[in-house]
Novice: 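Structure below; questions to follow.
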Amino acid sequence: MTSKSAMLAEVLHRSAKALAAYAAGELLAAEPKAADGFGPDPHAGWSSVLRGRLDELAAAASFEQPSVFAGQMSWTRAVLLARGIRFDVIRQAFEQLGRVLAEELPEQVQPLALDYFERGMRELDQPGDDVTTSLLANTNDGRLAAAYLLAVLEGNRSKAGRIVLDAAARGHDVRRLYLDVLLPAQAEVGRMWAAGEINVAEEHFASDTTKSVMAQLRQTAPRAAENGWTFLAAAVMGNFHDVGVHAVADFFEMAGWRTIQLGANVPTEDLTQAVEFFRADLLGLSVSLSTQLPALRETVRALRQSAVGDRLKIIIGGRALADNAALARQVGADAFAVDPQQAVEIGVRLVKEGRDREAEAN
């Protein structure tokens with residue numbers, strides 16, 4: 001990373017809150033209609049939106065990856081439109097943020113910041129994809145996922161569990177229930193929250209229900225013979241979303257691995273200690289937001305410097321990496337997986353290759 005990129009990331013990290021609040025105030029003073037759709041405190045609402053983008057700009061700069069920021073601008077457009085915010089207001093908000101960056105950033109990093117920002121603005125102007133449902137109502141699994149999600153949104157945890165567990169009892173493959181029912185339903189929960197269709201409390205209930213159902217479903221699944229390998233799974237520090245981590249850990253357990261599932265927001269020091277204590281052969285790390293990428297890099301760096309860093313295999317996944325799998329190498333990981341099944345397949349290959357090299361060396 002160049003010195004200017006590092007400096008820009010640091011400046012934005014320290015000043016994002018103030019810059020976003022300033023831009024939000026200027027926006028609302030210039031365009032009163034910008035208050036529409038943000039409830040009783042539109043300044044706080046816009047400040048949050050704009051600060052989020054500045055945090056993402058800082059993350060993109062720290063990796064020297066403008067596409068990371070540009071992709072988030074496209075997502076932001078779709079989310080705000082889904083919340084009923086007019087596009088002309090959205091664009092005006094980001095134009096104002098760009099003016100604040102031009103006025104307030106140090107001259108050493110201002111050109112780099114504006115270059116990244118202009119790329120993001122071009123992405124903002126592209127129609128892009130809407131934040132629409134990914135559930136497929138024209139398939140059996142899609143209908144099952146929709147029925148499960150409806151029960152969750154009704155607050156009926158027992159009914160939601162029965163829908164999935166009854167399907168397993170009828171012979172439905174457990175792994176397909178994870179991949180084609182539970183995880184798509186959870187993705188829909190995330191979409192609904194982003195679009196303002198459900199609140200945080202409802203999202204938390206849905207996530208907790210899905211983890212509970214997974215725990216019950218895992219007990220019904222056939223398991224491969226134990227292979228003597230240990231898989232440790234965690235969401236990096238700052239990532240509080242761990243449904244995907246639970247799913248990946250369950251797939252490894254079903255494949256015969258001893259599985260240690262640490263959950264969300266695991267501090268790097270504690271994670272390193274756990275890897276050493278449990279003598280993990282493979283570590284799975286999850287990031288859900290691009291702003292967590294620097295934490296991922298620091299976590300991998302700390303692990304590589306630990307006593308087991310040379311032999312430990314690290315596989316990463318999560319929404320933040322979905323469009324840029326090449327970041328896996330940039331953060332020092334061994335591989336990237338798009339879903340739990342692929343994670344197991346890649347994990348087996350990585351550990352086998354590592355064992356083969358150790359045997360050849362001896």
Novice: Given the ring of F63, does R297 sit roughly above its face, with NZ or CZ under 6.0 Å from the centre of the six-membered ring and within 45° of the axis?
Specialist: yes
Novice: Are any side-chain N or O atoms of Y178 and backbone N or O atoms of M214, one a donor and one an acceptor, separated by less than 3.5 Å?
Specialist: yes
Novice: I'd like to know if R349 and E353 make a salt bridge, using a cut-off of under 4.0 Å between side-chain N and carboxylate O.
Specialist: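 Answer for the salt bridge query: yes.
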Novice: Within the 4.5 Å heavy-atom criterion, are L101 and L114 side-chain neighbours or not?
Specialist: yes
Novice: May I ask you to check whether S306 and T272 show a side-chain donor-acceptor distance below 3.5 Å?
Specialist: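 No, because no side-chain N or O of S306 sits under 3.5 Å from a partner of the opposite role on T272.
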Novice: If only atom types and distance count, is the side chain of E26 paired as donor or acceptor with the main-chain N or O of Y22 below 3.5 Å?
Specialist: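 It does not hold such a pair.
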Novice: Hey, which of L327, L285, L293 is the one that makes side chain to side chain contact (heavy atoms under 4.5 Å, CB included) with I316?
Specialist: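 The side chain to side chain contact (heavy atoms under 4.5 Å, CB included) with I316 is passed solely by L285 among L327, L285, L293.
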Novice: Do F69 and L54 sit in one hydrophobic cluster, given that two such residues count as connected whenever their side-chain heavy atoms are within less than 4.5 Å of each other, even indirectly?
Specialist: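 Yes; tracing contacts between hydrophobic side chains, which count when under 4.5 Å, links both residues.
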Novice: Within the side chain of R304, is there an N or O that forms a donor-acceptor pair under 3.5 Å with the backbone of T299?
Specialist: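 Not a single qualifying donor-acceptor pair exists.
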Novice: Hey, are R279 and T230 close enough side-chain-wise for a donor-acceptor pair under 3.5 Å?
Specialist: no
Novice: Please determine whether a side-chain nitrogen of the Lys or Arg among R99 and E103 lies less than 4.0 Å from a carboxylate oxygen of the Asp or Glu.
Specialist: no
Novice: Using a 6.0 Å distance limit plus a 45 degree cone around the ring axis, check whether R51 lies over the aromatic ring of W46.
Specialist: no
Novice: Between the side chains of S288 and N239, does any donor sit under 3.5 Å from an acceptor?
Specialist: yes
Novice: Test D208 against R157 for salt bridge (Lys or Arg N to Asp or Glu O under 4.0 Å), laying out the working first.
Specialist: CA-CA 10 Å; D208 186 69; R157 182 195 295 262; 2.9 Å; yes
Novice: Take D166 and R170 through the salt bridge (Lys or Arg N to Asp or Glu O under 4.0 Å) test and state the conclusion after the steps.
Specialist: CA-CA 6 Å; D166 287 351; R170 294 193 300 269; 5.3 Å; no
Novice: Are any non-hydrogen side-chain atoms of R77 and Q126 less than 4.5 angstrom apart?
Specialist: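 No, too far: nothing below the 4.5 Å cut-off.
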Novice: If we count only N and O atoms by modelled type, under 3.5 Å, do the side chains of E203 and S207 hold a donor and an acceptor together?
Specialist: yes
Novice: Quick one: sort the F94 and F117 rings into parallel, tilted or perpendicular, breaks at 30° and 60°.
Specialist: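 Judged by the thresholds at 30° and 60°, the geometry between F94 and F117 is tilted.
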Novice: For Q261 and E253, test the side chains for any donor-to-acceptor distance below 3.5 angstrom and give the result as yes or no.
Specialist: no
Novice: Looking only at atom types and distance, does a side-chain atom of Q292 sit under 3.5 Å from a main-chain N or O of G238, one as donor and one as acceptor?
Specialist: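 Flag set: sc Q292 to bb G238 pair under 3.5 Å.
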Novice: Any side-chain donor-acceptor pair under 3.5 Å between T210 and Q186?
Specialist: yes
Novice: Is the backbone of A21 close enough, under 3.5 Å, to the side chain of H43 for a donor and an acceptor to pair up by distance?
Specialist: yes
Novice: Applying side chain to side chain donor-acceptor pair (under 3.5 Å) to E64 and S5, what does each step give before you reach the verdict?
Specialist: CA-CA 7 Å; E64 298 183 315; S5 295; 3.1 Å; yes
